[in-house]
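All heavy atoms count here, side chains included; hydrogens, waters and symmetry mates do not. Only a predicted model underlies this, so the values are computations on that prediction, with no experimental measurement involved.
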Amino acid sequence: MNEPILKAVAMPPRLFWAPLAPAILNLAIQFAAVFILLAAYQLNPLWVIGLSVLPSHLILVALGAKEPHLSNMMKSQGPFMKTYHTIYPQRGRKLAP
């Protein structure tokens, strides 16, 4: 019974040998850039993939080998910082909404 839980904790999910969350984020950004460059400059997509997607994914593979729980570290950061709007301008950070 403990084996699946220990396996999930010991070896987090991966996508092409890179941690899952950074790899998906990287591929989403890179493929959006591929389509933009393809539309703007009529470039061959294989050049863009070879010069930008592949090296950045290899960097993620190297970082994932050093820190296998990189996905969980990204998830633990939480949502983006909130900004609070106040009626009266003030300096510093306001703790109450």
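- Residues Trp17 and Leu20 are members of one and the same hydrophobic cluster, defined by side-chain heavy-atom contacts under 4.5 angstrom among Ile, Leu, Val, Met, Phe, Trp and Tyr.
- Under the side chain to side chain contact (heavy atoms under 4.5 Å, CB included) criterion, Trp47 pairs with Asn44, Leu51, not counting sequence neighbours.
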Compile the donor-acceptor pairs under 3.5 Å between side chains in residues 28-42 and protein atoms, sequence neighbours left out, one pair per line.
from, atom 1, to, atom 2, distance (Å)
Gln30, OE1, Ser52, OG, 2.5

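- Using a 4.5 Å heavy-atom threshold, the side chains of Pro22 and Ser71 count as touching.
- Nearest heavy-atom pair, Ile49 versus Pro55, reported as atom, atom and distance to 0.1 Å: O-CD, 4.4 Å.
- One hydrophobic cluster holds both Val61 and Leu15 under the rule that ILVMFWY side chains link at heavy-atom gaps under 4.5 Å.
- Residue pairs meeting the side-chain hydrogen bond (donor to acceptor under 3.5 Å, both in side chains) criterion with at least one member in residues 53-64, sequence neighbours excluded, are Asn26-Ser56.
- Looking only at side-chain heavy atoms (C-beta outward), Val53 and Val48 stay at 4.5 Å or farther from each other.
- Within the hydrophobic cluster formed by Ile, Leu, Val, Met, Phe, Trp and Tyr side chains joined at under 4.5 Å, directly or through other members, Leu54 is accompanied by Leu58.
- A pairwise comparison of heavy atoms in Gly64 and Arg14 identifies O-NH2, 3.5 Å as the closest pair.
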